[in-house]
Amino acid sequence: MWITLIALLATGVALTVQYMQTTRLLEARTHALVDDEAASLLARYRADGVRGIAMAIRRQQDVPRVNEFFYLLATSNGEPLVGNLLEWPVDVEQPGYHSFTTKVASTGEGWRERRVEARAIVLPEGFRLLVGNLSDERQALRDQYLSSLVWSLLATGALGLALGFWYSRRGLAFVDAASATGESFLQGRLEERLPVSERGDEYDRLALTMNRAFEEVERLVGSLRAATEGLAHDLKTPLTRVRARLEVADLEQADAGRMHDVMADSRQDLETILQLIEDVLGLARVEATAVAHLAPVRLDVIVAEALELYDPVAAERDMELVSRIEPAQLPGSRSLLAQMVTNLIDNAIKYTPAGGGVTVALESIEGAIRLVIADNGPGIPEAQRAQALQRFTRLDPSRSQPGSGLGLSIVAAAARVHRASLKLDDNAPGLRVEILFSRL
């Protein structure tokens, strides 16, 4: 409604300004023409007196002209002597410009009621001179202006109301769709999304934002379900083993040596449980890290420190740890980036057979920084790579290895915090992990 009123006001102001500028221009043009004509007649008056000006008026009346002038020479009391005006206008008493309606004798048309813009002059002998030009065009302009204003306001108002109605219906339709989608989403149908048109307006941008929020909620809910199931499974197995050992030892009334073995095995299972809980808490800390906490860090220094930490481990397993590191700085969390790099190197060394090799490369490319860690271990089948990034995922080749299944989940979460892309590829043989950081 307000938009329509503003549009109407703007249209009215624009037409009014245009009308006033045009009328001022026409008035200035008319005054210039009348002044020239009056100056010519006054020159004849100074040369030949009243007789000369009367002869000039008669001669001018008989000459067809593009700009038709109107004259009247009258006595001091207004009695017409010569000219094509029927009488001296009653309203014209003082010298200067006057606008009035009177009967004039137009060329070939006889006496007609016309609108005249004229200049009144008092001659030295008391005679009066009136020189004028038609101002009908200004009256026609005023009528045309009023007509254009009315039609423009009607058209603008109708168009504004139509657009306002359409826009309001569009907004109400979006609200209805958002409400219905939200209700369905709250009822457990997490795949629900708002429809997005091809118009690309603010409603579509809002729908895209809300859809991203729905997708994130769906991802978090799915992650929570997987975490709950995985945590329950990974806690159940060691706790069951601890209980079974204690029950068997109790039934067998084990001696001190046997109880020592039971306690040692149980302690190892409890350490596994504590490590699992620590990994879960670490993952929660990673996902809770906000972008506002990021600061400029040297990724090349972090990678070099991780390589120095794992170099003895690789040497112990007779593995070759190759690195190509270029200087690289980006906004990030040093602790998260260090955990990401150490998890990737630890996984690469863990699943690479003795005598194999691990390659770590950090390079700056146009507008981005690329971190690549590759090994020649068993790798991950393409069909299982997306699953490998989920929490508590333990793929078949890795079930014999210790761990919680959270390593790559923490890497994926850290990449998400840093708005980086994470990609798992085949290294033929082995696994190639590529993380691409934007410099922005």
Closest contact, heavy atoms only, [X] versus [Y]:
{"X": "Gly377", "Y": "Pro353", "result": "CA-CD, 3.9 Å"}
{"X": "Val297", "Y": "Gly332", "result": "CG1-O, 3.7 Å"}
{"X": "Ser364", "Y": "Pro327", "result": "OG-O, 3.3 Å"}
{"X": "Ala348", "Y": "Val358", "result": "CB-CG1, 3.8 Å"}
{"X": "His31", "Y": "Tyr97", "result": "O-OH, 3.0 Å"}
{"X": "Ala314", "Y": "Leu321", "result": "CB-CB, 4.2 Å"}

task = Quick one: do Ile435 and Leu344 satisfy side chain to side chain contact (heavy atoms under 4.5 Å, CB included)? Show the steps, please.
result = CA-CA 11 Å; Ile435 304 177; Leu344 290 174; 3.7 Å; yes
Distance in Å, [X] [atom1] paired with [Y] [atom2], rounded so as to fall on 0.5 Å steps:
{"X": "Ile365", "Y": "Phe437", "atom1": "CD1", "atom2": "CZ", "value": "11.5 Å"}
{"X": "Ile121", "Y": "Leu130", "atom1": "CD1", "atom2": "CG", "value": "8.5 Å"}
{"X": "Arg243", "Y": "Ser266", "atom1": "CZ", "atom2": "OG", "value": "12.5 Å"}
{"X": "Tyr71", "Y": "Glu37", "atom1": "OH", "atom2": "CD", "value": "3.0 Å"}
{"X": "Leu194", "Y": "Thr181", "atom1": "CG", "atom2": "OG1", "value": "4.5 Å"}

Can you check whether [X] reaches [Y] side chain to side chain, under 4.5 Å on heavy atoms?
{"X": "Val411", "Y": "Val341", "result": "no"}
{"X": "Asn343", "Y": "Leu408", "result": "no"}
{"X": "Leu208", "Y": "Val196", "result": "yes"}
{"X": "Leu330", "Y": "Ser438", "result": "no"}
{"X": "Thr352", "Y": "Met319", "result": "yes"}
{"X": "Asp375", "Y": "Tyr351", "result": "no"}
{"X": "Leu307", "Y": "Ile345", "result": "yes"}
{"X": "Ile373", "Y": "Thr359", "result": "no"}

With no hydrogens and no angle check, is any side-chain donor or acceptor of [X] less than 3.5 Å from a backbone partner on [Y]?
{"X": "Thr342", "Y": "Gln339", "result": "yes"}
{"X": "Ser184", "Y": "Ala180", "result": "no"}
{"X": "His418", "Y": "Pro331", "result": "no"}
{"X": "Thr209", "Y": "Arg205", "result": "yes"}

inquiry  = Taking salt bridge (charged side-chain N to carboxylate O under 4.0 Å, His left out) as the cut-off, I'd like each qualifying pair that reaches into residues 304-315, sequence neighbours left out, listed once.
reply    =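 Non-adjacent pairs meeting salt bridge (charged side-chain N to carboxylate O under 4.0 Å, His left out): Glu305-Arg334.
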Could you work out, with side-chain contact (heavy atoms from CB on, under 4.5 Å) as the rule, every residue matching [X], not counting sequence neighbours?
{"X": "Ala338", "result": "Ile302"}
{"X": "His98", "result": "Val92, Phe100, Ala120"}
{"X": "Ser197", "result": "Arg170, Arg199, Asp204"}
{"X": "Leu206", "result": "Phe174, Met210"}

task = List the steps and the verdict of side chain to side chain contact (heavy atoms under 4.5 Å, CB included) for Phe214 and Glu192.
result = CA-CA 8 Å; Phe214 287 154; Glu192 289 290 336; over 6 Å; no
inquiry  = With a 6.0 Å cut-off (strictly less than), is the heavy-atom count around CD of Gln94, excluding the residue itself, greater than 12?
reply    =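 Incorrect, the count does not exceed 12.
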Pairs involving residues 422-433, ordered by first then second residue, that meet side-chain hydrogen bond (donor to acceptor under 3.5 Å, both in side chains) (sequence neighbours left out) =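 Qualifying pairs: Arg432-Glu434.
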ask   = Which pairs with one or both residues in residues 316-327 pass side-chain hydrogen bond (donor to acceptor under 3.5 Å, both in side chains), sequence neighbours excluded?
value =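 Qualifying pairs, neighbours excluded: none.
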task = Start with the C-alpha gap between Arg193 and Phe185, add the side-chain angles, then the distance that decides, and say whether side chain to side chain contact (heavy atoms under 4.5 Å, CB included) holds.
result = CA-CA 8 Å; Arg193 298 292 183 270; Phe185 194 84; 4.1 Å; yes
Contacts of type side chain to side chain donor-acceptor pair (under 3.5 Å), residue [X], not counting sequence neighbours:
{"X": "Gln187", "result": "Arg189"}
{"X": "Arg298", "result": "Asp300"}
{"X": "Asn376", "result": "none"}

ask   = Under the side chain to side chain contact (heavy atoms under 4.5 Å, CB included) criterion, do Asn133 and Glu117 qualify, and how do the steps go?
value = CA-CA 5 Å; Asn133 191 269; Glu117 181 86 11; 5.6 Å; no
query = Does Asp35 have any salt bridge (Lys or Arg N to Asp or Glu O under 4.0 Å) partners at least two apart in sequence or in another chain, and if so, which?
reply =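 Once residues adjacent in sequence are excluded, the partners of Asp35 under the salt bridge (Lys or Arg N to Asp or Glu O under 4.0 Å) criterion are Arg119.
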request  = Kindly write out the residues that satisfy ring-ring contact (aromatic ring centres under 6.0 Å, His included) with Tyr310, not counting sequence neighbours, or none if the list is empty.
outcome  =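 Result, ring-ring contact (aromatic ring centres under 6.0 Å, His included) vs Tyr310: none returned.
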